[in-house]
Amino acid sequence: MDRILADQTRAAGSTVDQLAPAGGTTPPVRRWVTERERWAAAIAEHGVDWDHPRSVHWNAACGIDAAADFAAVRRSARTYDAIAPAFAATARHREDRARTAEAMGDLVTARENYFMAAVHWSAAQWPGHADDDAGRGHHERKRACYARYAALADHHVEAVSIPFPGTHRGSLPAWLHLPPGHTGGRLPVAVVVPDLDSAKEATVALHGDRFLSRGFAVLAIEGPGQYECAMLGTHFSMPAWAQVGPACLDWLAGRAELDPARVVIAGSGFGSFAATVVAAHEPRLRACAVMEVHHEPGWTTVFEQASPAYKMRFMYMTGHTDEAEFDRFTRTLTWQGRAEQIRMPYLAVVGEDDELSPVEWTRALLDAVQGPRQLVVYQDSPHHIGGVPSARLGPSPSGLVADWLAARVRGDAFPSEQWLIDGDGRINRGPLPAAEPVEPPASERPVETPPATRSAEPPPVPSAAPPAPAAPPALSAAPPAPVAPPAKANGRGRGSRKKGGQVPAGGDHAQPSIHREPAAAGSRNRGKVPRGPSS
């Protein structure tokens, strides 16, 4: 990494006031301490994937040849402190193999091992939540290995530094990939935002990448707060992410081989939230597609019910060292007041039983989006879409996203609708249902005025003319605080309906009328998802 640039960026200031000191550590969050026996037991039993199948994502980027690497780490890293050393040792092994192969002239073997080493070095970075010597060392090895991979790759791979003006005065680090065999002509571009756990180096697959194989150029970025951006001093904030789209589109417009009129954005996990914010502030984007989403305003479920590792990572991304201050900051984490500005096609691919972001919030977001939109729900799937029949027998979620975006750059029309992928892998199409109200927590509910003190004045009569659309929020203004939809009459709180509970008529998870077909004999479908015309 360019240490001079890092020093300049840090000296210029960052996006939040309360930052971790250089070389310091982010203190553990309360639940990491008070529930330490619980998390230690979970890691001892499940290893690095105790709370999320992150090694599956990293392995997918590397391909089948790296499967033994990740299996060995899963077996050996049975404490949190063992995760980084296990990945670092694996990275060194792959790096040694790459150097040996390169010296022998086996350049394909060399580039594949350099790529795997880079991904392992990024995995070694993940457990650390501080800008310390260990994290910087892992980062520098990652960059060096990926640069060697780029030099030997079977397609054009270029290190990119996108100017990021304004108060941040830094740059957005990225890698630009052109599809193999590209010899001329302007290419559509997929801007891809990684998850909390992943780095830009693991965004484009070593073999058969979903976007490159469909003719896209890929701009794999890290935005404010993510991996290299955080090390450069550009931390997460909503105003910072609102500037990412204009910065990327302006830079892409200067490249002769890229078509600025055919740029789309995709993100998963944290990237789903970030991509939505980017789309709200950059109308030049052709479409936005997200999966395994984080759409709950304030991220309450993630930070207060899921593994504390999510909160520790996000505190590092924002630069906060005080948990109470961070808790106040999380009220800015909302698409409300921003999604209303999205007029491009928008796709959300979710698990029906998402434990990190209740599906009702995705429905509420889609209600706010002003352009054509589509919701794809995988029956019985958790946040990570997989491990259930709908994901195994139905369309690949990542492939579905890539195909949908390819159709958008072709200009294909589509109706606003919902797809329900059932346990037989069938696609049940139907109208996009309205969002269900979600009850806010007690601390956020408005105080009811006693009947005796309520005003006797009649309610104002609405104007006959509809109000003008709200202007996009000013980038310099503070983002709006989350506003929960009205509470349901039955008093259900955040999250999905408890399994096995009775569904009130026309209430919880009510769906529009969809033509039903009888299930085939021996079907595994349990009937949760309505049947309908299949594809």
Side-chain angles (χ1 to χ4, degrees), residues 160 162 172 174-179 182 185-195 200 203-205 209-223 241-255 257-293 295 335 338-339 341-350 362 365-366 369-376 395-416 419:
V160 167
I162 298 171
L172 300 179
W175 292 98
L176 175 66
H177 299 250
L178 304 185
H182 173 66
R186 307 196 85 179
L187 296 164
V189 183
V191 179
V192 184
V193 187
D195 196 357
K200 61 189 180 300
T203 297
V204 177
D209 180 74
R210 56 177 175 154
F211 290 119
L212 294 180
S213 59
R214 288 168 173 81
F216 282 94
V218 178
L219 184 66
I221 71 168
E222 285 169 354
W241 271 98
Q243 294 182 8
V244 168
C248 289
L249 269 291
D250 289 348
W251 184 86
L252 291 169
R255 297 292 297 240
E257 70 271 49
L258 307 178
D259 186 352
R262 293 187 296 160
V263 181
V264 299
I265 190 166
S268 63
F270 165 80
S272 71
F273 179 78
T276 300
V277 175
V278 172
H281 292 276
E282 184 41 84
R284 290 176 289 177
L285 287 166
R286 191 72 169 264
C288 176
V290 298
M291 60 180 285
E292 298 178 353
V293 302
H295 284 158
W335 46 263
R338 300 179 190 271
Q341 311 308 319
I342 298 176
R343 289 171 171 79
M344 67 196 69
Y346 187 96
L347 168 69
V349 181
V350 304
T362 299
L365 184 150
L366 290 170
V369 169
Q370 299 300 300
R373 55 215 184 275
Q374 184 174 350
L375 174 65
V376 177
S396 159
S398 59
L400 186 154
V401 165
D403 285 338
W404 188 88
L405 288 172
R408 303 292 76 79
V409 299
R410 290 195 305 266
D412 297 355
F414 72 100
S416 291
W419 288 10

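Each residue takes its place number in the sequence, starting with 1.
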Nearest-0.5 Å distance that lies between atom CG in Asp195 and atom CZ in Phe273 = 13.5 Å

Return the minimal non-hydrogen interatomic distance between Phe211 and Ala266, and the atom names on each side.
-> CZ-CB, 4.1 Å

Answer yes or no: is there a donor N or O on one side and an acceptor on the other, between the side chain of Trp175 and the main chain of Lys200, under 3.5 Å?
-> no

Tell me, with the steps shown, if Cys288 and Ile342 meet side-chain contact (heavy atoms from CB on, under 4.5 Å).
-> CA-CA 9 Å; Cys288 176; Ile342 298 176; 5.8 Å; no

Please round to the nearest 0.5 Å and tell me the distance separating atom CG of Leu172 and atom CH2 of Trp251.
-> 11.0 Å

Only one of Val263, Asp259, Leu249 passes side chain to side chain contact (heavy atoms under 4.5 Å, CB included) with Val189, and that residue is Val263

Val193 versus Ala274, closest heavy-atom pair with distance = CG1-CB, 4.1 Å

Between Leu187 and Pro179 the two heavy atoms that sit nearest each other are CD1-CD, 3.6 Å

Residues that Glu257 engages under side-chain hydrogen bond (donor to acceptor under 3.5 Å, both in side chains), provided they are two or more places apart = Arg255

Distance-minimising heavy-atom pair for Trp404 and Gln374 | NE1-OE1, 3.1 Å

With side-chain contact (heavy atoms from CB on, under 4.5 Å) as the test, would you mind laying out the steps for Val278 and Trp241 before giving the verdict?
-> CA-CA 6 Å; Val278 172; Trp241 271 98; 3.7 Å; yes

Nearest atoms (heavy-atom pairs only) where Ser272 meets Thr276 | O-OG1, 2.7 Å

Identify the residue among Arg214, Arg408, Arg210 that makes a side-chain hydrogen bond (donor to acceptor under 3.5 Å, both in side chains) with Asp403.
-> Arg214

Would you please test Leu365 and Val293 for side-chain contact (heavy atoms from CB on, under 4.5 Å) and show each step?
-> CA-CA 11 Å; Leu365 184 150; Val293 302; over 6 Å; no

Under 4.5 Å between any side-chain heavy atoms of Leu400 and Leu347, yes or no?
-> yes

Shortest non-hydrogen contact between Ile162 and Val160, atoms and distance | CG1-CG1, 3.5 Å

Look at the side chain of Arg286 and the backbone N and O of Met344, then say whether any donor-acceptor pair between them is shorter than 3.5 Å.
-> no

When rounded to the nearest 0.5 angstrom, what distance separates CG in Leu219 from SG in Cys248?
-> 5.5 Å

Is a side-chain N or O of Ser416 found less than 3.5 angstrom from the main chain of Pro372, in a donor-acceptor match?
-> no

Might you work through the side-chain contact (heavy atoms from CB on, under 4.5 Å) test for Val290 and His295, ending with a clear yes or no?
-> CA-CA 10 Å; Val290 298; His295 284 158; 4.1 Å; yes

Donor-acceptor contact below 3.5 Å, side chain Arg338 vs main chain Ala280 = no

Without swapping roles, check the side chain of Arg186 against the backbone of Leu258 for a donor-acceptor pair under 3.5 Å.
-> yes

